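One structure coming up, written as structure tokens, with questions to follow.
Being a predicted model, the structure only gives us computed values, none of them experimental. Here is the naming used below: chain letters follow the sequence lines, and residue numbers restart at 1 for every chain. The figures that follow rest on heavy atoms only: side chains count, while hydrogens, waters and symmetry mates do not.
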Amino acid sequence: MPKLDRAFYARPVLSVARDSIGKILVRKTPAGVVSGRIVEAEAYRGPEDRGAHSFGGRRTARTEAMFGAPGHAYVFFVYGMHWHFNIVTGAVGEPHAVLIRAVEPLSGLELMSERRGISTDRVELTNGPGKLCRAFAITGDDYGLDLCSHRIYLLDAEPVRVARSVRIGIDYAGSWANRPWRFFEPQNPYVSRGPSRPVRAQRGGRKHARKRL
DNA sequence: TGAATGATTTACT
DNA sequence: GTAAATCATTCAA
């Protein structure tokens with residue numbers, strides 16, 4: 001399958017987030033190549049989205065990449081120890097991005113295992129935003145990197161079933177925390193633990209009425 | 001200059 | 001289930 005080009009990223013952030021599920025993330029470093037299927041992602045849509053770092057139009061050295069051209073990496077550091085990898089989407093000036101929360105390892109398992117300090121058969125290898133950055137060796141050095149380059153990029157893949165739920169870890173965002181802007185592949189073991197009550201989309205015939213979002 | 005705070009992970013009870 | 005780890009970024013002063 002071909003490498004995804006700029007046009008894929010230059011679309012509404014919710015579309016890119018949804019369509020990123022199933023795509024292949026490829027990462028090349030001097031140590032070797034690793035890749036994995038994206039199985040979980042979230043959309044962040046500033047300036048109105050209170051959950052986004054770009055909320056209120058906040059434009060600083062840290063958030064600058066979100067305001068730039070689509071198809072570039074927005075990488076940030078949280079909790080004093082973890083990196084998070086995002087893909088900038090939409091148009092220049094729109095501070096929108098997709099947080100990649102989990103991938104299913106495809107190649108370079110040994111290298112990932114080495115970087116994570118656990119065996120290759122553990123789902124903990126890449127089942128979280130901080131974990132996958134560690135496994136893929138993504139750090140601040142990759143801030144602003146062009147996904148249409150060769151060091152890190154996505155490969156197209158066949159569409160898969162996608163479920164959605166509220167986003168994780170943004171309880172401070174008020175009503176924005178209730179938006180179902182998290183997308184994931186149902187049943188995939190590499191999806192990080194999410195809300196106790198996931199909301200499913202694109203599935204017919206639900207048996208019981210939902211009680212909560 | 002200083003205090004508060006995370007788009008989390010891990011270990012432990 | 002809870003809590004500690006750990007620091008760049010942000011904002012107030």
**Study point:** Nearest-Å distance for atom pair NE2/P, residues H96(A) and dA7(B)
**Key:**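 Rounding to the nearest Å, NE2 of H96(A) and P of dA7(B) are 18 Å apart.
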Check your understanding: Does F55(A) have R58(A) sitting over its ring (NZ/CZ under 6.0 Å from centre, angle to axis within 45°)?
Key ->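 No.
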Exercise for review: First locate atom CG of L154(A), then atom CD1 of I24(A), and finally report the distance between them rounded to the nearest 0.5 Å.
Suggested key: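 Going from CG on L154(A) over to CD1 on I24(A), the span is 9.0 Å.
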Practice item. Look at all strands and tell whether R50(A) reaches a base, only sugar-phosphate, or nothing, counting heavy atoms closer than 4.0 Å. Key: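 No contact.
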Review point. Above 12 or not: heavy atoms from other molecules or residues under 6.0 Å from CZ of R37(A)?
Key: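 It does: R37(A) CZ has more than 12 such atoms within range.
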Review point. Taking the six-membered ring of F8(A), is NZ or CZ of R6(A) closer than 6.0 Å to its centre and within 45° of its axis?
Key: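 Pair R6(A)/F8(A) does not count as cation-pi.
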**Study point:** N/O (side chain, R134(A)) to phosphate O (OP1/OP2, dT9(B)) under 4.0 Å
**Key:**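 Checking R134(A) against dT9(B): no side-chain N or O falls below 4.0 Å of OP1 or OP2.
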Point to revise | Separation between OG of S35(A) and CG of L155(A), rounded to the nearest 0.5 Å | key: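 Rounded to the nearest 0.5 Å, the OG-CG separation comes out at 8.0 Å.
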Practice item. In whole angstrom, give the distance that lies between atom CH2 of W83(A) and atom P of dT9(B). Key: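 My rounded result for the distance is 15 Å.
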Check your understanding: What base-paired stems does DNA chain C take part in, with at least 3 consecutive Watson-Crick or G-U wobble pairs and both distances under 3.5 Å?
Key ->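 DNA chain C forms these stems: B:1-6 with C:7-12, B:8-12 with C:1-5.
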**Study point:** Side chain of K131(A) - closest among dT9(B), dT8(B), dA7(B)
**Key:**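 Nucleotide nearest to K131(A)'s side chain: dT9(B).
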Check your understanding: So, T63(A) versus S54(A): side-chain donor-acceptor pair below 3.5 Å or not?
Key ->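 Not at all, the side chains of T63(A) and S54(A) share no donor-acceptor pair under 3.5 Å.
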**Study point:** Interatomic distance, I118(A) CD1 vs dA11(B) C1' [rounded to whole Å]
**Key:**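 The answer, rounded to whole Å, is 14 Å.
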**Study point:** L99(A) CG - dG6(B) P separation (whole Å)
**Key:**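 Distance, rounded to whole Å: 16 Å.
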Practice item. Remember a base hit wins even if backbone is also touched, and classify G128(A) as base, sugar-phosphate or nothing at under 4.0 Å, heavy atoms. Key: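 Touches sugar-phosphate only.
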At a cut-off of 3.5 Å, list every protein nitrogen or oxygen paired with a nitrogen or oxygen from nucleotides 7-13 of chain C, distance to 0.1 Å.
{"unit_1": "dT10(C)", "atom_1": "OP1", "unit_2": "T60(A)", "atom_2": "OG1", "d": "2.5"}
{"unit_1": "dT10(C)", "atom_1": "OP2", "unit_2": "T60(A)", "atom_2": "OG1", "d": "3.3"}

Point to revise | Distance in angstrom units between Y44(A) OH and dA7(B) C1', rounded | key: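 Between C1' of dA7(B) and OH of Y44(A): 4 Å.
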Check your understanding: Parallel, tilted or perpendicular for F76(A) and H53(A), by the 30°/60° rule?
Key ->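 Correct class here is perpendicular.
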Practice item. Name the residue closer to the 5' end of DNA chain B, choosing between E124(A) and G169(A) according to the nucleotide with the nearest heavy atom. Key: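 Mapping each residue to its closest nucleotide by heavy atoms, the 5'-most match is G169(A).
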Review point. CZ of R50(A): more than 12 outside heavy atoms within 6.0 angstrom?
Key: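 No, not enclosed.
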Review point. Roughly how many Å is it from NE2 in H82(A) to C1' in dA4(C), rounded to a whole number?
Key: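 After rounding, the reported distance stands at 11 Å.
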Review point. What residue among R101(A), R167(A), K131(A) forms salt bridge (charged side-chain N to carboxylate O under 4.0 Å, His left out) with E40(A)?
Key: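 With E40(A) as partner, R101(A), R167(A), K131(A) yield a single salt bridge (charged side-chain N to carboxylate O under 4.0 Å, His left out), made by R101(A).
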Review point. How long is the line joining CE of M66(A) and P of dA7(B), in whole Å?
Key: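 About 11 Å, once rounded to whole Å.
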**Study point:** Phosphate OP1/OP2 of dT8(B) contacted by H84(A) side-chain N/O (<4.0 Å)
**Key:**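 Checking dT8(B) against H84(A), no side-chain N or O comes under 4.0 Å of OP1 or OP2.
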Check your understanding: Between dT8(B) atom P and N127(A) atom CG, what is the distance in whole Å?
Key ->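 Nearest whole value for this atom pair: 13 Å.
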